[in-house]
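Following: one structure in structure tokens, then a few remarks.
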Amino acid sequence: MTGGQLADVLKGRVADPAWLDDAVGRVARDPDEVAVLFPAAGRRCGRGPLPDPAPGSDYGPAPAGWTVDDAARVLLLTALPLQGTALAAQVGALYRYGSADEKRAVLRALPLLDVGDGGLDILHDALRTNDTRLVAAAVGPYARHLEIRMWRQAVLKCVFMDIPLTAVADLDRRADGELGRMLADLAAERHAAGRPMRADADVLLALIGDLPAAGGDLPATAGTPAGRPGEREGKAG
């Protein structure tokens, strides 16, 4: 979804549309304005679920799980007249000093921003947390920038935290035999403890259990915190 599409989806859903229009213009003229306007978006635009566009719209359903303030904040970020390292630094500061809702909006904006790999530090930080909102946002489309070992660990963390695997972008393309092995280890651990796996994780395991690992990738060490989130990561993040 582009900034223009977000603006269309937001029509009629924002509590103060004049404020948002003005905020987008101010950010486009002066990127430093975003530091003040970004935190205010929830209060001025609303925080409820983002509804689907009106019937007859050229756009599909609203992104799953998004709120009005998510969309308003992402719209502000797409208006920034920056790119590359300068843009990565600006959104990195918003993430670092923001509330959980603001951090989630930054994560959701990353796939729409011209930052290349510059948002990976943000992604890594989100995946170290125990906040399901941030982890779910971190495994969205921008997670294609994660190298395969870390991506597998992120998927496993979703299973451990009971985050639906529908949150994971490119799962059908990136899932491989090594992820299957790691899931099988976690399933065995949970079975021994009398704890069930998520149903969607069982389905995924059945689908990929016999696949090879991704080409050229060495197996991760499943018995260490680096290879599998497990109980230790769930407590410490």
Side-chain angles (χ1 to χ4, degrees), residues 1-82 87-88 90-115 119 122-123 125-127 129-143 158 161-164 166-169:
M1 181 172 287
T2 66
Q5 290 170 328
L6 272 178
D8 184 78
V9 171
L10 279 167
K11 286 179 180 176
R13 273 80 178 184
V14 176
D16 189 346
W19 179 89
L20 182 59
D21 287 345
D22 178 67
V24 169
R26 288 168 61 185
V27 166
R29 292 188 298 271
D30 180 0
D32 289 341
E33 291 277 354
V34 76
V36 174
L37 299 170
F38 191 76
R43 185 176 72 256
R44 302 303 296 263
C45 297
R47 295 185 172 88
L50 182 66
D52 290 338
S57 170
D58 293 335
Y59 309 117
W66 281 43
T67 59
V68 171
D69 55 317
D70 281 335
R73 289 188 172 110
V74 172
L75 186 61
L76 290 176
L77 296 185
T78 61
L80 286 167
L82 302 171
L87 180 55
Q90 185 76 276
V91 298
L94 292 172
Y95 176 89
R96 186 162 55 251
Y97 299 114
S99 66
D101 287 346
E102 292 161 32
K103 290 177 189 290
R104 182 180 60 186
V106 169
L107 289 161
R108 288 181 163 164
L110 287 176
L112 306 179
L113 303 178
D114 184 12
V115 295
I122 294 172
L123 220 58
D125 181 85
L127 290 171
T129 74
N130 286 326
D131 188 323
T132 56
R133 296 169 299 171
L134 300 187
V135 174
V139 294
Y142 189 77
C158 287
M161 297 180 73
D162 285 327
I163 295 170
T166 51
V168 183

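Quick note: residue numbers are just sequence positions, from 1. Computation of the quantities below employed the complete heavy-atom set of this structure, encompassing side-chain atoms and omitting hydrogens, waters and symmetry-equivalent molecules.
Shown here for P51 and P49, the closest heavy-atom pair between the two residues is CD-O, 3.2 Å. What you find for R108 and T67 is that their closest heavy atoms are NH1-N, 4.5 Å. Shortest non-hydrogen contact noted between V135 and C158 is CG1-SG, 4.1 Å. Taking each heavy atom of G92 and I122 in turn, the nearest pair found is CA-CD1, 3.8 Å. When all heavy atoms are compared, the tightest approach of A15 to G46 is CB-N, 4.4 Å. P17 and V14 get closest at one heavy-atom pair: CD-O, 3.4 Å.
Taking Y142 as the reference, H145 meet the ring-ring contact (aromatic ring centres under 6.0 Å, His included) condition, with sequence neighbours excluded. With sequence neighbours excluded, the residues forming a side-chain contact (heavy atoms from CB on, under 4.5 Å) with A105 are F38, D70, R73, listed by chain and number. Residues satisfying the salt bridge (charged side-chain N to carboxylate O under 4.0 Å, His left out) test with E33, not counting sequence neighbours, are R26. Residues satisfying the side-chain contact (heavy atoms from CB on, under 4.5 Å) test with A7, not counting sequence neighbours, are L75. Checked against side chain to side chain donor-acceptor pair (under 3.5 Å), Q90 has no partners two or more places apart in sequence or in another chain. In this structure, the salt bridge (charged side-chain N to carboxylate O under 4.0 Å, His left out) partners of D101, at least two apart in sequence or on a different chain, are R104, R133. Here P141 pairs with P111, R144, A169 under the side-chain contact (heavy atoms from CB on, under 4.5 Å) rule; sequence neighbours left out. A167 pairs by the side-chain contact (heavy atoms from CB on, under 4.5 Å) definition with A136, V139, I163, not counting sequence neighbours. For D125, the salt bridge (charged side-chain N to carboxylate O under 4.0 Å, His left out) partners two or more places apart in sequence, or in a different chain, are R128.
Looking only at side-chain heavy atoms (C-beta outward), L10 and L50 come within less than 4.5 Å of each other. For the pair P81 and P31, the minimum side-chain heavy-atom distance is below 4.5 Å. For the pair Y95 and L110, the minimum side-chain heavy-atom distance is 4.5 Å or more.
In this structure, L94 CG and L80 CG are separated by 7.5 Å, a value rounded to the nearest 0.5 Å. If you take CG on L76 and CG on L6, they are separated by 10.5 Å, rounding to the nearest 0.5 Å. With rounding to the nearest 0.5 angstrom, the CG atom of L107 is 8.5 Å from the CG atom of L127. One finds the CG atom of L112 at 9.5 Å from the CG atom of L77 (value rounded to the nearest 0.5 Å). One finds the CG atom of L87 at 10.0 Å from the OG1 atom of T78 (value rounded to the nearest 0.5 Å).
The salt bridge (Lys or Arg N to Asp or Glu O under 4.0 Å) pairs that include a residue from residues 41-51 are D16-R44, where partners are two or more places apart or lie in different chains.
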